[in-house]
Amino acid sequence: MPANLPADRPPFLPFALPEIGEDEIAEVVDTLKSGWVTTGPKAKRFEQDFGAFLGDPALHAVAVNSATAGLHLALEALGIGPGDEVITTTHTFTATAEVVRYLGADVKLVDVDPATLNIDPAAVEEAVTSRTKAIVPVHYAGLAADMTSLLELAADCDLKVVEDAAHALPTTCGGQLVGTLDSDATVFSFYANKTITTGEGGMLVTRDAAVAQRARTMRLHGMNRDAFDRFTAKVPSWYYEVVAPGFKYNLTDIAAALGLHQLKKAHAFQQRRAAIAAAYDAAFADLPLVLPPQPAAGDRHAWHLYVLRLADDAGIGRDRFIERLFDAGIGCSVHYIPLHLHPYWRDRYALQPGQFPHSQHAYERMLSLPIYTRMSDDDVMRVAQAVRAALP
Ligand SMILES: *Cc1c(COP(=O)(O)O)cnc(C)c1O
């Protein structure tokens, strides 16, 4: 510590940090030395391992360079385009919705269930029109959305379902891992602060072979390598055909090298996150705070986020509360500034806060505390004490 800082100044605890071990580092070095640094054998193995992790042999896994790319590819493969509407939650990151606009379709934002902050199936049902083609639920914070109701509604109204599972590895819903439910596609994120990371990266999983094939083609410039038989002497191996104006969304082997080892640790990481969540819950039980919702009996929460809400009688505003935590050296965040408050979404669809009362109410009172595997028990206690001390 520099000599000019007071000795009692608390060290800063970041909001999030990845846990990258020696296995990941050795695998990346191996990739760098191998001569094959872009998409190749390790990305392929990561896809296979990811399918095996989810435990459903009928699943196709398509590695991509972000969840945003995966969501875009999934909706593109399902045929979403101009004139269509896609329903999603206002209480999410903009990536969930922006991909709909990439395709020239329109976004219909709806409110959340006030207890879980997951998309409210009743609000979805009300928002369905003749133009609606798909629903994109988000498993907010790592707690499964009400997929039973959403899948039933989708079946009734003939809608596609693409799950934004950026928070949801390894979440379960009705005892099944998210990724193996009856939706059309599910997309995971391996961004730096997610439950496992490849720096940047994502995975699209689907049981629909046509969706998987289209996504594979479109993630690499629309080059249709299935149309080309590289193993016959008749067709030279340099030959390929461009069948569509695709994208550049492939995952590098350098990133996949990280993913191979992160995936093996996903369950251990989840257990540590769940233990931190339980320690927070116990520490906050007597405080004027709304604690995060628990998963249904027998189900697993991925605990990507630990979201607290100040009770109406807490006696302090959220912004001031976060300032006090920062002063105590605790990094916090807010998930999310609802989409309906951002200028682009607000202006494009003429949205008012009053249209989303549950998201709005939660947003005004919420903050996310640090929850990650590199936190020590002492770090967790420090956060808990700082929260207590920051309340009036
Ligand atoms: C992180 C996140 C994304 C985007 O993930 P990237 O891999 O960074 O593209 C999408 N949706 C939600 C809810 C997220 O939290």
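Position 1 is the first residue of the sequence; numbering continues from there. If you're wondering where the values come from, they're calculated on a predicted model, not measured in any experiment. Indexing begins at 1, ligand by ligand and atom by atom, following the structure's order.
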Pair Thr171-His139, side-chain donor/acceptor within less than 3.5 Å: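 On atom types as modelled, these side chains do not qualify, holding no pair under 3.5 Å.
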
Among all residues two or more places apart in sequence or in another chain, which pass the salt bridge (charged side-chain N to carboxylate O under 4.0 Å, His left out) test with Arg131?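 Here the qualifying residues are Glu85, Asp106.
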
For residues 319-329, please give each side-chain donor-acceptor pair under 3.5 Å, one per line with the distance, not counting sequence neighbours.
{"residue": "Arg320", "atom": "NH1", "partner": "Glu323", "partner atom": "OE1", "Å": "3.0"}
{"residue": "Arg324", "atom": "NH1", "partner": "Ala390", "partner atom": "O", "Å": "2.9"}

Phe188-Phe53 aromatic ring centre distance below 6.0 Å: no

Excluding sequence neighbours, so at least two apart, what forms side chain to side chain contact (heavy atoms under 4.5 Å, CB included) with Val28? Leu32, Ile254, Ala257, Leu258

Please produce the table of protein N or O atoms sitting under 3.5 Å from N or O atoms belonging to ligand 1, one pair a line, distance to 0.1 Å.
{"residue": "ligand 1", "atom": "5 (O)", "partner": "Ser189", "partner atom": "OG", "Å": "3.3"}
{"residue": "ligand 1", "atom": "7 (O)", "partner": "Ala67", "partner atom": "N", "Å": "2.8"}
{"residue": "ligand 1", "atom": "7 (O)", "partner": "Ser189", "partner atom": "OG", "Å": "2.7"}
{"residue": "ligand 1", "atom": "9 (O)", "partner": "Ala67", "partner atom": "N", "Å": "3.2"}
{"residue": "ligand 1", "atom": "9 (O)", "partner": "Thr68", "partner atom": "N", "Å": "2.9"}
{"residue": "ligand 1", "atom": "9 (O)", "partner": "Thr68", "partner atom": "OG1", "Å": "2.5"}
{"residue": "ligand 1", "atom": "11 (N)", "partner": "Asp164", "partner atom": "OD1", "Å": "3.4"}
{"residue": "ligand 1", "atom": "11 (N)", "partner": "Asp164", "partner atom": "OD2", "Å": "2.7"}
{"residue": "ligand 1", "atom": "15 (O)", "partner": "His167", "partner atom": "NE2", "Å": "2.7"}
{"residue": "ligand 1", "atom": "15 (O)", "partner": "Lys194", "partner atom": "NZ", "Å": "3.1"}
{"residue": "ligand 1", "atom": "15 (O)", "partner": "Tyr336", "partner atom": "OH", "Å": "3.0"}

Salt-bridge contact Lys264-Glu27 (side-chain N to carboxylate O under 4.0 Å):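 Looking at Glu27 together with Lys264, the answer is no, because their closest N to O distance does not fall below 4.0 Å.
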
